[in-house]
Structures are given as C-alpha cells and as structure tokens.
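Just so it is clear: chains get the letters A, B, ... in the order the sequence lines come, proteins before strands, and each one is counted from 1.
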Amino acid sequence: MVDFGLRLLSCATLRLARPLHALLLVSGRFDDVILSTKLLNLYSRLGDLPSAALTFRHAPTKSVIAWNSMIACYVRHGLLPDALACFHRLLLTSSARPDRFTFPVTIKACWDLDRGKRIHSLAFRFGFVWNVFVSASLVHMYSRLGSIDDARKAFEEMPYKDQGSWNAMLSGLCQNAKAAEAAEVFEEMMTLGLPMGKVTVSSILPACAPLNSLLLGVAIHVYCIKHGLDSDLFVSNAFIDMYAKSGRLEEAQKVFDGMADMDLVTWNSIISGYEQAGEVSSALKLFEGMKESGVRPDRLTLVSLASAVGQCGDDRTGRTVHGYILRRGWDSRDTVVGNAIVDMYGKLSKAEAAREAFDRMPVKDVISWNTLITSYSQNGLAKEAIEIYESMQSREGIAPIQGTLASVLPACAHVGALQQGMKIHGRAVRTGLQSDVFVATCLVDMYAKCGRLEEATHLFEQVPRRHTGPWNAIIAGLGVHGHGQRALSLFSEMQEEGVKPDQVTFVSLLSACSHAGLVDHGRRCFEQMQTVHGLSPSAKHYACMVDMLGRAGRLDAAYELIATMPVKPDSAVWGALLGACRIHGNVELGKLASSHLFEIDAENVGFYVLLSNMYAKAGEWDGVDEVRSLARHRRLQKTPGWSSVEVNKKVNVFFTGGQSHPRYEEIQGELRALLAKMKSIGYVPDYSFVLQDVEEDEKEHILSSHSERLAIAFGIMSTSPGTPIRIYKNLRVCGDCHNATKFISKITEREIVVRDSNRFHHFRDGGCSCGLTLQLRDSSSSDMEDKKQIMQLKLKTRVSIQEEQIASPLV
DNA sequence: TTAGGGTTAG
C-alpha cells in the first residue's frame, strides 16, 4: 500500500507530482479530502497555479485548508482579485468556515484601504483579530496601504505581540517615512528585552540614515557580528543600503566585498549608493560586474544607471544605455524607468531627446511632467518649460506638487515672466504649497529676478527662517539690484538668528558686494567664510572675488588671488579677470586670461568678443584680426541677442533684427512714432553702437531693431498706459538702447525695468536709477574715446564689434 | 495537510 500522504509531502518537482496525481485518480483515493488537499498544496508549493486550480475545482469535498491554499496560491501569483473572489466564494457558497489561517492570506490580497477595512471587520466578526498572525497581518496591510495610524492602532490593540508583530510595526513605520517613531518602537522593544532577529535588523536599518544616526547602525552591525546575523543576505543588503545612504561608501563596499552570495538587491543597493554619491564611474563599473555575475538587472538598476549617465554628462554613454534599456525590454509602461530616461536626457542637455522619450511614455505621472519641465528649464528653454507647465494644467488627474512649482518658478524667473509667476504663486497659496520652504524660496527668487524686490522681501518676511534657502535667495536678490549694504545687514541678521550660512550664501553675498563695489566688506566675508564658518571656497567664490577686485581696478590683486588659489581656476574665474581687463584696458593681462579661457572653454564666443573688444579699445588692430580669425577657424557663431516681455501672461520673445512676430509691422510703426518724439526732445542716436558700415538711415533702423527695443515697443502698445514694462535681455544692454530707454520712459510716462545678463536697470521719468548707473557712467565718460576708436576700427575692418556681440556671423 | 513579519525607487 502506497503512503500517499508522505509521498505528496516529500515530492519536490512537478515531474514527480504528475504521476502521483494520476495514481490518486485511478486508485480512487482522490476522493479522500485530506489527500486531494495535500495534492493542491503540492501544486501551490511548486507554483503550478493551473494544476492547483484544477485540483481544487475537481475535489469532491473542499476543506477550509483547501480554500486557504487556493487563496494563497492566487496571492503568490499576484492575482489579488481572484484571491478575494475565492475568499468570498468560501463565505457564500461553502459549508466550510474561515479559520485563523484564512485571514492572514486574505488580508495580504487587499490592494486598497476599503477592501482592507472590510476584511478587517470580517476577521473581527469571526473572532480572529486577536490572533497574533492575523493582527500582525493587519499591521502590515495598513502600513503597505499607507494608513500608518490604522497600523499603529492595530498594533497597540494586540493583546500579545510576538517578534513578528514588532517587525511588522518597525518596517511599516520605516516605509512610511516615520524613522523617528520606528526608532522609538525599536527602543521600546529593546527595553522589553526582546531578542533581535535578522528580520528585526533589516526592518530597523532603513531608519538609521534618515535619522542621521550612523551610531545606531554601527551598534546594530556589532550586534550582528557577535550573534552571527551578519552573514544573512537580507541583513547584508540592508547594511549596504544603510552605509551608502549615510555617506559611508567604504563601509558599504566592505560589506559588499565580504558577501558570499549576492542577489539583485545587493547589486542595486551598491550601484545606487555610488550613483547617489556622484561616483559615476564606480557605479558603471559595478554594473558591468553585475552583468558578468549573471544577475539580471531590473527597473531599479536601470533607474540608477540612467541617473549615473546623466551625471557623467557623456551623451555617447547615454545613447548606449538608452539602447541597452530598450533592448533589454524596458517596459514602456513603466513610468519610473521612463522618467529616469527623460531625466537622463535632460541632464545630458538633450531637451529634444527628453521630449521624445516623454512623448513615447503611455502613462505619465506628475513626476514625468516635472522632469520634462526641469529638462527644458535647466537647458535655457524657459519659455518652453512654462508652456509645458501650462499644458500640464489641462491634463486631468495631474496636479502640481512641490517639485512642479520648484521646476517652473526658476523658468519664470529666468525669462522674467512675472504674471505667470504670480499665477503660480496663487496656485501655491490655494494648494498650501506656499508654506513649503522650497517653494517659498523659489517664489522669493522669482519675485527678485522679475524686478519685484518689495514682494520678494515681503514674502521672505513671512517664510519660516530656520532654513538657509530663503536667506540665500533674498541676499542674491538684493545683490543683483545693487543693494550690497542691505545684503550685508541681512547676512548679519541671519547669523544673529542662528541660521548657518552655506557655500551658496557666500556666493550670493560676495556677488552682492562685487556689484555694489564693496571691496573691503567682500574681502572680510571671504575671510570669515573660512575662519569663522569653516567653509572652503570653491571656484565660484574665487570668481566673485576676482570680479570684485577686478571691477575696482585692483587687477594685480585679482591675478595674485588666482595664482594662489588652491582649487583649479575655471572659466568663470578667468572670465571675471578678462572682463576686468577690458574695463581697465589691461591688454597684457587680458591676453593671459584669454589664453586660459580658450583652453578651458574654447566654445564660448563671449570671451573672443571681450578680447577683441579690448584690442579695439587699445587700438591693436592686428589683435582684433587675430581673434576674429581664431573664432572663425573654430566655427563659432555669435550668440543671438534676444529679449522677452510678458503680456497677458504670455511670454513674447524678440530676436535682434527678427521680423517673425505676427505684429511686426505695428511694432515698427510704434518704434517710428517713438523715435520722432524722442528726437524732438533731444535724443541723438549713437551710431558708434552700430556695427555694420552702412548709410545713416540704415544705422537708425539697425538700432531700432535691437531686441530690447522691439520688446519695449510691443510692451507699450499691448498694455494700458501707466503699466510698468519689464524686459529680460539675454546679453548686456547696449549703450544706445540704455540711453533711448531713458527717453522712452519720459515720453510714455512708464516705468521700464530691464534685466540683462548682469543686473537690473530701472528707468523712470527719463532717468536710470539702477545699480549699474555708476558703471555706465564710467564707460560713457570715455565715450568720446570709444567712438574714435570704433571709427578707426570700422575704417580698418569695415565691421566693428559691440560688447558681447559680434556684428556679423563669424562663419 | 494551510498562515504573518525583511532590503533597493523617479
């Protein structure tokens, strides 16, 4: 006589299971409720859902154990609705009664809170909630579905808690970002003298990094080594993750190196650790190791990989990775992976490729939109970024979150889209996001950069002041408006309130001092930054210092600083020196700065223009020719000048000489009318700013086609009288436009604010009271000399050069 | 004869 029970229990493969199944049927023993249930369990254990379901259907009598196994089998296959349907059939059609085993598995099948609560009340009605397995399952389910309060309640109501219940509570808290509470629960567990198992360890470890408590992590590590828990795979994985997130990559690597076997999670944790720390090449190397070891990458691996490639900035690797992801079956419905690809292209400065990847995604969530907005915004396509935000608004089911506003507000700030920014501010108020420190900081920055310093200050005063962000934003804002003293006094206030300044604070502060010509204050800040605040200056800080000393004419001191700086000077540092050399006419030092710049940043036309300008000012025409031919040789083209003005919440962009605006003719008419009035009260066009060697009336037209004029004219004709006009220009405003704008502000009785690549110009009633007045006066004092030189330049080269712009295409 | 609780995420 065959002992079917024993053989069913010990059967390990499907190949052995099938003959047993047949034997049961022919011998008539299948009718035995215990044996048919054992067969079902066997199929369920071996993961053969169809056979399990068939066995279940044909079993003449169904014990509650059979029902339980069937439900469990569905859950194991992720068929949650089938599992719940099976449970309901058990309730409604079977004479069997659910038991304490039924509920844990059914609770596991609940995929939303409503269902979970219904099953919870059924478990209560059947009297099983007091079972420790059932209640621990409830704790787990509520945590999984994000209802941490219900989880805590279920946990606290448990009359008896075993280690599993504590573990469920710990991991639930960790997964719902309640690290502090998790640590409290853990402490309570230790106080009660409960033992720590490997599950406990891997549940509590994720709380260490968010709590900044490396000490706790290390203590647990020591405990694990002592009790032999450290060889467990789950435990090791949790340690890698904990160390990596605490910034201890060496420790993470040590754990990784000591592991006997590794799984997908191991590789993902270490790769993402290196990627998050910015050690991109190590992350990519580990990915190769992972492939060699035969572990198949999953979506999380791909997310880390894409992010690593985005950081390394190498678009060839980017394309390779994208190709790899496509080949290895990137599920196009996987929104997280899709978002990572969009982000990768954005970081590689490939806004178009980002857009394509975005368009290909069938399911887009709010993160997809945020990522695309950021991709455009960070690649200088601010207008497009705002348009994407607008089209996002019309999508159903997609509501802006913190990250959305934090990506679109800088775009508004960049093009000076004040009305759009204000609309977004309104939205932030309605959704309560304006009290978010990050959003508030962006709002302060936006108002300051859009020329509304009062609003920025007002908003700053309402923001909680513990964080450094808002302080940095307002200090920078005061800086670009030329209010160096106010920036300094705010900095003192910041220290009095105990807010710790960071690297960014000092960049804002130093540039504020630089713009206002406060050299001594700037120097003191630069010293304090190192001695008092223990911050080592970066290339950015040195660039500010060089700019400050250079503007003040202390070129030797500026050069001295560069020669002795401990970090490698970048293009911003040398660029600041070159700019100062141009102002003060130091050709020799300028040549030196350029030689460095042409090595570090050979593609930047601005530097060629600056150098050529400087040669022209000094009358060194050979130098001018040399620079021009160098630029031509490198196939560089001038940066097109453009200005933007916002009318009716829409950003209008005008390119210098551009005729593509639909109301171009009207704009020209407006400009002609203005010009006549300007001339009648004493405006004389300054043709020295015209670059082409053409007839006088043509010159007049060229000046009138500068992008800022087009934008101003459009602003005047499209808004009601008295409305201030705000312009953003990507390059610096030319001297003639600066003068003309004074006249326009007088004639039209408008306040005109022009923000250029350097700072703000406030025009009102025929004057300009901006921070730059001083500098402009400086350059206009030598106006006559400039004009003479430019005339000479024209004679020699037939084309002259304007600040930051080369007249005709270089190629 | 059946059961719960564990690590990685844009």
Side-chain angles (χ1 to χ4, degrees), chain A residues 4-6 8-9 32-42 44-45 63-73 75 96 98-108 128 131-141 143-144 155 161-172 174-175 197-206 229 232-242 244-245 263-273 275-276 298-304 306-307 310 334-344 361 364-371 374 403:
Chain A
F4 279 109
L6 205 65
L8 283 166
L9 259 184
D32 183 332
V33 63
I34 292 186
L35 289 180
S36 65
T37 307
K38 277 190 175 178
L39 181 66
L40 167 60
N41 289 336
L42 174 63
S44 167
R45 196 174 75 230
S63 65
V64 65
I65 296 174
W67 284 97
N68 294 347
S69 298
M70 201 57 240
I71 298 171
C73 198
V75 172
D99 65 0
R100 65 205 162 93
F101 292 96
T102 315
F103 282 96
V105 73
T106 309
I107 289 166
K108 209 177 173 182
F128 292 120
N131 177 284
V132 80
F133 281 170
V134 175
S135 47
S137 304
L138 285 169
V139 171
H140 181 245
M141 176 210 51
S143 310
R144 180 168 49 91
F155 180 71
K161 303 178 180 91
D162 69 353
Q163 205 185 26
S165 336
W166 287 90
N167 295 342
M169 196 64 247
L170 281 180
S171 68
C174 286
Q175 278 168 10
K198 50 192 187 182
V199 177
T200 315
V201 171
S202 24
S203 304
I204 189 65
L205 278 179
L229 297 173
D232 181 76
L233 180 65
F234 272 81
V235 169
S236 302
N237 289 346
F239 274 119
I240 293 181
D241 178 58
M242 186 275 291
K245 287 201 179 129
D263 66 354
L264 180 65
V265 176
T266 319
W267 288 102
N268 282 353
S269 305
I270 191 91
I271 291 175
S272 110
E275 175 262 306
Q276 295 277 316
D298 74 341
R299 48 207 292 279
L300 292 182
T301 326
L302 300 181
V303 168
S304 295
S307 169
D334 191 326
T335 310
V336 174
V337 175
N339 293 347
I341 299 289
V342 174
D343 185 52
M344 179 187 80
M361 289 169 65
K364 304 170 178 83
D365 63 6
V366 63
I367 307 282
S368 319
W369 288 92
N370 294 356
T371 312
T374 309

Exercise. Tell me, which stems hold DNA chain B, with a stem being 3 or more Watson-Crick or G-U pairs in a row and both distances under 3.5 Å?
Worked result: none

For this session: Taking heavy atoms of chain A and a 4.0 Å limit, find me the 5'-most and 3'-most nucleotide of DNA chain B within that range.
Result: B:dT1 to B:dG10

Exercise. Quick one: are A:Asp99 and A:Asn68 in side-chain contact, heavy atoms under 4.5 Å?
Worked result: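 Yes, close enough: below the 4.5 Å cut-off.
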
Remember a base hit wins even if backbone is also touched, and classify [X] as base, sugar-phosphate or nothing at under 4.0 Å, heavy atoms.
X: A:Asp162; answer: base
X: A:Ser272; answer: nothing
X: A:Ser165; answer: base
X: A:Val303; answer: sugar-phosphate
X: A:Lys364; answer: nothing
X: A:Asp32; answer: nothing
X: A:Glu275; answer: nothing

Residues [X] and [Y]: side-chain donor-acceptor under 3.5 angstrom:
X: A:Ser203; Y: A:Asn167; answer: no
X: A:Asn41; Y: A:Ser44; answer: no
X: A:Asn237; Y: A:Asp263; answer: yes

For this session: Measure across A:Lys108 and A:Arg144 and return the closest heavy-atom pair with its distance rounded to 0.1 Å.
Result: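 Closest heavy-atom pair between A:Lys108 and A:Arg144: O-NH2, 3.5 Å.
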
Problem set entry | Atom of A:Phe155, atom of A:Lys161 and distance for their closest heavy-atom approach |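 Scanning both residues completely, I find the closest heavy atoms to be O-CE, 3.2 Å.
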
Seminar exercise, completed: The side chain to side chain contact (heavy atoms under 4.5 Å, CB included) partners of A:Arg45 (sequence neighbours excluded) come to A:Leu42

Exercise. Should we say atom NZ of A:Lys364 is surrounded by more than 12 heavy atoms from elsewhere, each under 6.0 Å from it?
Worked result: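 Buried by this count: over 12 neighbours within 6.0 Å.
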
